[in-house]
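Only one structure is covered here, and it is reproduced in the block below.
Bear in mind that the values here come from a model prediction, so they are computed numbers and not experimental data. In what follows, every heavy atom counts, from backbone to side chain, and hydrogens, waters and symmetry copies are set aside.
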Amino acid sequence: MATKREIKGFLIGTAAGAAIGAVTALLLAPKEGKALRKDIAEGARQTVKAAGEAGEKAGKFAAELFDAAAVWRRKKREDAEQAGAPEEKAEVSITADGPEDSDGTLREEAV
């Protein structure tokens with residue numbers, strides 16, 4: 001599974017490549033000035049709209065991931081308390097560069 005840093009880099013590269021490609025295609029298209037400016041403006045509006053939608057989607061995904069981590073952490077804490085160690089609170093540290101198992105999944109690290 002790709003790390004957050006790799007995914008972020010890929011998305012930024014994809015967006016930059018798409019923007020550069022769109023501008024290049026518009027600038028090299030054989031059109032007169034008014035039509036070209038209109039196409040550039042429309043392309044910019046579509047790019048801003050697509051970026052906004054991607055941002056919303058990423059925000060929803062991050063919120064779902066955060067909620068899932070909170071549920072997982074709460075379950076681990078409850079399991080630790082049921083195991084007979086109510087004084088010891090199980091804290092879990094999850095970071096983008098945190099410890100991972102060989103299959104790429106995050107593993108628990110007591111803090």
So, taking the atom named NZ in Lys57 and the one named NZ in Lys60, what distance separates them when rounded to the nearest 0.5 Å? 10.0 Å
Look at the side chain of Glu6 and the backbone N and O of Thr3, then say whether any donor-acceptor pair between them is shorter than 3.5 Å. yes
Gln46 and Glu42: side-chain donor and acceptor closer than 3.5 Å? yes
Rounded to the nearest 0.5 Å, how far apart are CH2 of Trp72 and CZ of Arg77? 11.0 Å
Which value, rounded to the nearest 0.5 Å, describes the distance between Ile7 atom CD1 and Phe61 atom CZ? 6.5 Å
So, do Lys75 and Val71 sit near enough that their side-chain heavy atoms are less than 4.5 Å apart? no
